[in-house]
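Every number for a ligand or one of its atoms is a count from 1 in the order of the listing.
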Amino acid sequence: MSRVRAMPRQHLVAGLCLLALILYPIISPWEPYPQGVILLGFMLAIQASSWNIISGFAGYISLGHSMFLGLGSYTVAICALRWGVNPLWLMPLGGVTAVVVALLIGTVVLRTSGHAFVIITIAMLLAAQILAVNFKGFTQGSDGITLELPFWSRDYQNIPFYYIFLALLVLTVLYTAWIRRTKFGTGLIAIREDEGKAASIGVNTTRFKIVGYAASAFFIGVAGGVYAYYLTFLNPVGSFAILGSVVIVLAALTGGKGTLYGPVVGAFIVQLASEAATVYGGGSQTRVLLFGAALVAVVLFMPAGLLPTIEARWRKRHPVTVEFTDQAGALGRSPATTRERALEDVAQAVADDLTQGEVLLEVRGASKRFGGLVAVDNASLIVRKGSITGLIGPNGSGKTTLFNLITGGMAADSGEIYLQGQRIDRMPPWQRGHLGLGRTFQVTRLFKDMTVQQNVVAPLPDSRWRTMFADAVSGHEAARAGELLDIVGLRRFAGERAGDLSYGQQKLVELAQVLMLEPQLILLDEPAGGVNPSLLGRLTEVIRELNERGITFLVVEHNIPLVLELCDPVVVFSRGRSIAEGPPGTIREDPVVLDAYLGDDWRPVPDGKAPNSVQTANQTGAR
Ligand code: ADP
Ligand code: MG
């Protein structure tokens, strides 16, 4: 089970807590003070849960998320005053403003990966504060905006707000739970775990991050509108306070970011601590110190957060025993018929645009330099439809780099790359994936903390919104993932954490994962490396079966007997370019290849028999 999936028990506890919270004001209606404290806990929980979407799931930390609360407050307050409408009617508008602003910021900042985002989020919060001070005509500047008092009796002051915030919190949690179930949510987590890998399996990382950021703003904006009415007064310094953002992060980290309930639990802990600080000691100065210290303590002593820590302890005491074995007989083969059907589905997904033998992939004069090192040197390569093309050559000859250029993990310095006659070298990796280009990695790059099933369901074969928001946990996509796991014989591991499988099994899962892309061409980077013999037989069998159903392969491999048996043609790479190409029989006797890579062990001996006792070629041969 992965860390991001809640234990069923958690839902039960959450339900009981909800019931208690619903009943509380009914049982003791005349206590506005504790109601007010809990109500602010709801509001913080709404913010922390929302923050969790972009920063917990996708791993892009926002330090300015309270900006959306301020935006919601101002939008609703300004509109309520101008139109003479009760603010409660306008609260969705607060959400809309927050989403629009998040889309604008996200579109600019989230195109690249990295740390710029964190800085920009703080900058935007401060910019919003300055704008609120200076756009006096709109915001009444530093004087702030005063709203009408709630229309209900003062005796019930907090109770309606209490229930509104509680309802919003329930909606927020359901909404994040739903996101978590979709391929969108799986994609966000994929981005957190390995953004480059996510892009290679068709996840449009730019779009996912922008939509994730916008999605994380909505309920905060709505809550902001209600908060304005609750306070009946707002000013720039209060509405766009950095402390508000720090508290959101603190809450999510304390409870456990990336989990469903962690941010909610954390919000209540932080809210109660904050209240205690206000009552027992000093003003906001003390609080800043306290929060700072708490943040450091959480990061140092409980980096995963409270809920994941409890869950890990619990699982340690109740270990799930799973036997991991690489023996072919214990691979959990599914009945031949379901497997056959799964293979047929794969065959269906391979479009018949090309006939066998036509050029599927063409690399023309591609080059890639790393400083002074020329890793790929004006290389050209052709892969024909229906072939299993081998690519061999010494370590460091540029094979993996060439794969990166083809799939878009790196940009070529020069040269052109075509897939089915369409130029692809300027496309982002996911677009190449959508065109039917899949790859596995030399060192497998599964999302280790996700389950095997989540890994296989993560890829997106196209760019449609419907695909993005399809249910990943059940329904068609999950069923498809099960079928693909059937093909590699690992369905019974579907619920396991991917990182717990053996290395060879991980390689097979990565192959199943690529199949989710509905690929025309699969690039395999050293599929046999580190795989034990029984799984290796399985792997080659699967490659052959897929090839028979129309999938073309380009395989980098050092296991020469395997290459000679499986591949035709074989291309030999040395010093960043192809030095020979032909059927395996010719390649193994080519003097140029023997010199550059295979070495003397492969030279025909005088009695005419070709040697085959050597398993792998001299990997560090001449470059
Ligand atoms: P192969 O897969 O054939 O073993 P690679 O493509 O991995 O070879 O590497 C080709 C050369 O490029 C090597 O000398 C390697 O050190 C260098 N190289 C590969 N990737 C990078 C990188 N990201 N930065 C700098 N040098 C790199
Ligand atoms: Mg390599």
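In this comparison of F403, F573, F370, the heavy atom closest to atom 25 (C) of ligand 1 sits on F370.
In summary, D525 and K399 do not engage in a salt bridge, as defined by a charged side-chain N under 4.0 Å from a carboxylate O. Note on E545 versus R339: salt bridge recorded, some NZ/NE/NH1/NH2 to OD/OE distance being below 4.0 Å.
A heavy-atom separation below 4.0 Å is found between G398 and ligand 1. The shell of residues lying under 4.0 angstrom from ligand 1, judged by heavy atoms, includes M410.
Look at N395 and the Mg ion (ligand 2): no N/O/S atom of the residue is under 2.8 Å from the metal. Residue Q442 counts as close to the Mg ion (ligand 2), with an N, O or S atom under 2.8 Å.
The cationic group of R439 lies under 6.0 Å from the six-membered ring centre of F441 and within 45° of the ring axis, placing it in a cation-pi geometry. W430 does not carry R207 over the face of its six-membered ring by the limits of under 6.0 Å from the centre and within 45° of the normal.
Under 3.5 Å, the side chains of E581 and S578 contain no donor-acceptor pair of N or O atoms.
Applying the 4.0 Å criterion to heavy atoms of N395 picks out, from ligand 1, the atoms 4 (O). Less than 4.0 angstrom separates some heavy atom of L373 from each of these atoms of ligand 1: 11 (C), 12 (O), 14 (O), 17 (C). Residue T401 approaches ligand 1 through these ligand atoms, each under 4.0 Å from one of its heavy atoms: 5 (P), 6 (O), 9 (O), 10 (C), 19 (C).
At a heavy-atom distance under 4.0 Å, no atom of D525 approaches ligand 1.
Contact check for F57 versus R180: side-chain heavy atoms found under the 4.5 Å cut-off.
Between Y213 and F117, the ring planes lie perpendicular to each other; the angle is over 60°, past the 30° to 60° tilted range.
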